[in-house]
Amino acid sequence: MSNKQTLSFQAEVAQLLHLVTHSLYSNQEIFLRELISNASDACDKLRFEALNNNALYEDAPNLEVRVSFDQAAKTLTITDNGIGMTAQEAIDHLGTIAKSGTKDFMGKLSGDQKADAQLIGQFGVGFYSGFIVADKITVESRRAGVPAEEGVRWTSGGTGDFEVEAITRAERGTSIILHLRDDAEEYLNAWKLKSVIAKYSDHISLPILMEKEEWKDGELINPADESGGRQPGGMAKTGEWETINKASALWTRPKKDISEEQYQEFYKAISHDHEAPLTWAHNRVEGNTEYTQLLYIPAKAPFDLWNRDKKAGVKLYVKRVFIMDDAEALMPTYLRFVKGVIDSADLPLNVSRELLQESRDVRAIREGSTKRVLSMLEDLAKHDKHEAAAAGVDGVTDVVDADDQAKEGKYSAFYAEFGSVLKEGLGEDFGNRERLAKLLRFASTTSDTASVSFADYKARMKDGQEAIYYITADTLAAAKNSPQLEVFKKKGIEVLLMTDRVDEWALNYLNEFDGTPLQSVAKGAVDLGSLQDEAEKKAAEEAAEAFKPLLAKLKEALKDKAEDVRVTTRLVDSPACLVVQDDGMSTQLARMLKQAGQQAPESKPVLEVNAEHALVKKLEGSVHFHDLAHILFDQALLAEGGLPADPAAYVKRVNALLV
Ligand code: ADP
């Protein structure tokens, strides 16, 4: 590429840029965090590539970031000597967004600036945040290892397009030159820059350098000025550079030297989340496998939580050298919301993704980190409800979790955001199934909010109750009003109401809790065991006997719709309900699969009738027997949120009887 080229941004980038410039004013200064974080990533990448090609360091082995400004030109420049970009990389990386789910995310934006600013915080704007403070950005870059003539200059005003041209650049790496807007001129001040960098980027392991300044003689001193009593502009550059950050990776420092705010800022820097995390744990694990883990649980779900292909949020370092982002081998999929850093002392520096999958050390790290996350959650749950403490983690010394935080209310906040994802663990992580089951919460016939644990339920079980009863439905209202609950309500037995899409699937993997079987009230014949007294049992048996001829007739009339017809004791007010065979798929799950366009096995439900109900009693000898039988069946279907196979025929039958 020789001469200038003008190119258009990908549509999503243009949209994002518009938003960035219109809705992120309230938190202007984050642009510095984002750009320094990119600079640091670029240095990490160089260090990693140089493991196999030392020549990439050229003659500048010390990786660093330099921040400088020019008051006359109104520019602020962030320069790194990291991996750099080729012209094509600049076009690709700064003109398009590669994140999966970007389109969906853009679709969710409402145009309401406040709401969108919230969302965008979860998306992470990265490089484009420069346009919060700049009306023009120039990027000059040269990739490590390519000739000086193959540099690139990228320029954009942050609207529809950008320009690229070839330049000669002796130094490897990237300079981001921000042409500041009038309302962002406060960043042309060393004091201001240092304070923002201290706040957001102190944990960056690279040195961040700024040019030393000296007082010019005879300048006015104004005590009211925030820069310490001196007027800005009264300083002269000295040509000498000094390191202005601690330049040691946060997780390598002892806990006592890290403030709560620093932990939170580090989280925001690695996650691009604008909200503080719910909790975190920082441990050095010793033993067969040695590593440091700093793991965070976010307060809010990211925009793409439901994408199971979403990359995990844990970064892998080996002996402080960054190896890779999104190391999925380090966390199970159901904990994909966890963010943080794992720094291993044992893995080889040249570890690849493939190798990660097979490494025993990685397996140990993954198990240890999973347990650590679960114990963080147990801790939150304990403080939320003041329950007894749950199990600890083996092999962990120097446990540093965010003990001092107020944890009350945090578990319910966590559960509202991530509870559904956690449930996936029942099917994914057999080894931790019991611990996971303890962390689950549901609504029930005594609580409309998802706050009942299996342990709570068990503590409230009736004398003689032998199972944990639950029902699955599409909505809470449908669950609560389900005819299948009638006898349980009458007898005051609590039933868990499961209305989450994953419940049905997840519960396939959980047959019991702490020795008590789980029983769906919509599956199989109802067996209340010793909750039913002898008189009730006898009455039920007699009814079944007396109804035999009627049942046979019903079965014949409904043979295309129902697998079987039987008398039940589970109903009190309703004439009939549908249940599935013990081993069958629930009608709710089957319906969900069909809605999702998937093949659901065709299995017919069982119709259960209430022998005490007037409508059922009326069946015997009725001239409308056939129509009544079908109405009974279709109504049972309607009651659980389904639709009759032939709605028009149903309406016709009901109308005929009404007339
Ligand atoms: P993200 O950092 O989340 O990938 P950004 O929009 O911040 O998104 O950056 C997009 C891409 O541009 C980066 O992934 C990287 O490839 C490239 N990039 C940005 N800043 C630099 C830099 N200072 N040096 C090299 N590449 C960079």
Side-chain angles (χ1 to χ4, degrees), residues 7 9-10 12-17 19-21 24 30-50 56 60 63-68 76-102 105-106 120-134 137-146 150-156 158 162 164 169 171-178 200-201 204 206 208 268-274 302-304 310-313 315 322 324-326 339:
L7 297 160
F9 284 119
Q10 177 196 24
E12 283 82 15
V13 177
Q15 219 179 331
L16 186 67
L17 281 170
L19 264 159
V20 165
T21 47
L24 283 181
I30 60 134
F31 81 92
L32 208 51
R33 170 186 82 199
E34 299 292 314
L35 296 181
I36 289 179
S37 156
N38 278 354
S40 162
D41 289 350
C43 291
D44 280 344
K45 282 180 200 155
L46 175 72
R47 197 184 281 138
F48 183 64
E49 281 192 26
L56 290 180
L63 298 173
E64 60 190 27
V65 180
R66 287 174 190 248
V67 177
S68 60
L76 171 63
T77 303
I78 294 123
T79 299
D80 65 70
N81 58 358
I83 192 72
M85 284 178 272
T86 63
Q88 193 56 47
E89 283 169 335
I91 292 170
D92 292 344
H93 296 154
L94 306 180
T96 57
I97 308 175
K99 282 179 204 157
S100 67
T102 301
F105 169 76
M106 291 295 170
I120 220 161
Q122 293 160 40
F123 183 75
V125 284
F127 169 75
Y128 304 108
S129 65
F131 287 104
I132 305 173
V133 292
I137 299 182
T138 307
V139 179
E140 295 181 353
S141 192
R142 201 242 318 146
R143 203 178 200 287
V146 311
E150 292 183 24
V152 58
R153 178 182 292 128
W154 177 105
T155 317
S156 176
F162 58 91
V164 273
R169 181 178 160 103
E171 321 78 48
R172 114 191 137 232
T174 305
S175 294
I176 311 284
I177 304 151
L178 305 167
Y200 292 115
S201 306
I204 295 275
L206 296 169
I208 301 173
K268 289 180 188 173
I270 57 167
S271 67
H272 299 285
D273 191 349
H274 69 300
F303 72 98
D304 56 352
K310 175 184 155 58
K311 306 267 172 64
K315 290 175 191 280
F322 170 77
M324 68 182 77
D325 260 329
D326 324 320
K339 306 272 183 214

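In what follows, residues are counted from 1 in the order of the sequence shown. Order of appearance sets the numbers: ligands from 1, and atoms from 1 within every ligand.
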Self-check item: Closest approach of Gly126 to Asn38 (non-hydrogen atoms, all atoms of both residues)
Solution: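 Minimum heavy-atom contact is C-ND2, 4.3 Å.
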Quiz prompt | Closest heavy-atom pair and its distance - Ala269, Ser37 | solution =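 Taking Ala269 first and Ser37 second, the nearest heavy atoms are O-OG, 4.3 Å.
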Less than 4.5 Å apart, side chain to side chain, heavy atoms only: is that true for [X] and [Y]?
X	Y	answer
Leu63	Leu46	yes
Leu94	Phe162	no
Phe31	Leu76	yes

Quiz item: Which residue from Lys45, Arg143, Glu89 reaches closest to atom 14 (O) of ligand 1 through any of its heavy atoms?
Solution: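 Looking at heavy atoms only, the winner is Lys45.
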Quiz item: Counting both backbone and side chain atoms, is some N or O of His93 under 3.5 Å from an N or O of ligand 1?
Solution: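 Looking only at distances, the answer is yes, because the N/O contact criterion of under 3.5 Å is met.
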Practice problem: Say whether Asp41, considering both its backbone and side-chain N or O atoms, lies within less than 3.5 Å of an N or O atom on ligand 1. | Solution: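 No: no nitrogen or oxygen of Asp41 is under 3.5 Å from one in ligand 1.
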Tell me which part of [X] gets within contact of ligand 1: side chain, backbone, both or neither, using heavy atoms under 4.0 Å.
X	result
Ile176	neither
Leu94	side chain
Met85	side chain

Practice problem: Nearest 0.5 Å please: distance from the OG atom of Ser141 over to the CG atom of Asp80. | Solution: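 Answer for the OG-CG pair, Ser141 versus Asp80, is 7.5 Å.
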Enumerated ligand 1 atoms positioned under 4.0 Å from heavy atoms of [X]:
X	value
Ala42	22 (C), 24 (N), 25 (C)
Phe127	5 (P), 6 (O), 7 (O)
Gly126	7 (O)

Self-check item: Partner set under salt bridge (Lys or Arg N to Asp or Glu O under 4.0 Å) for Arg143, not counting sequence neighbours
Solution: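 So Arg143 forms a salt bridge (Lys or Arg N to Asp or Glu O under 4.0 Å) with Glu49, Glu89.
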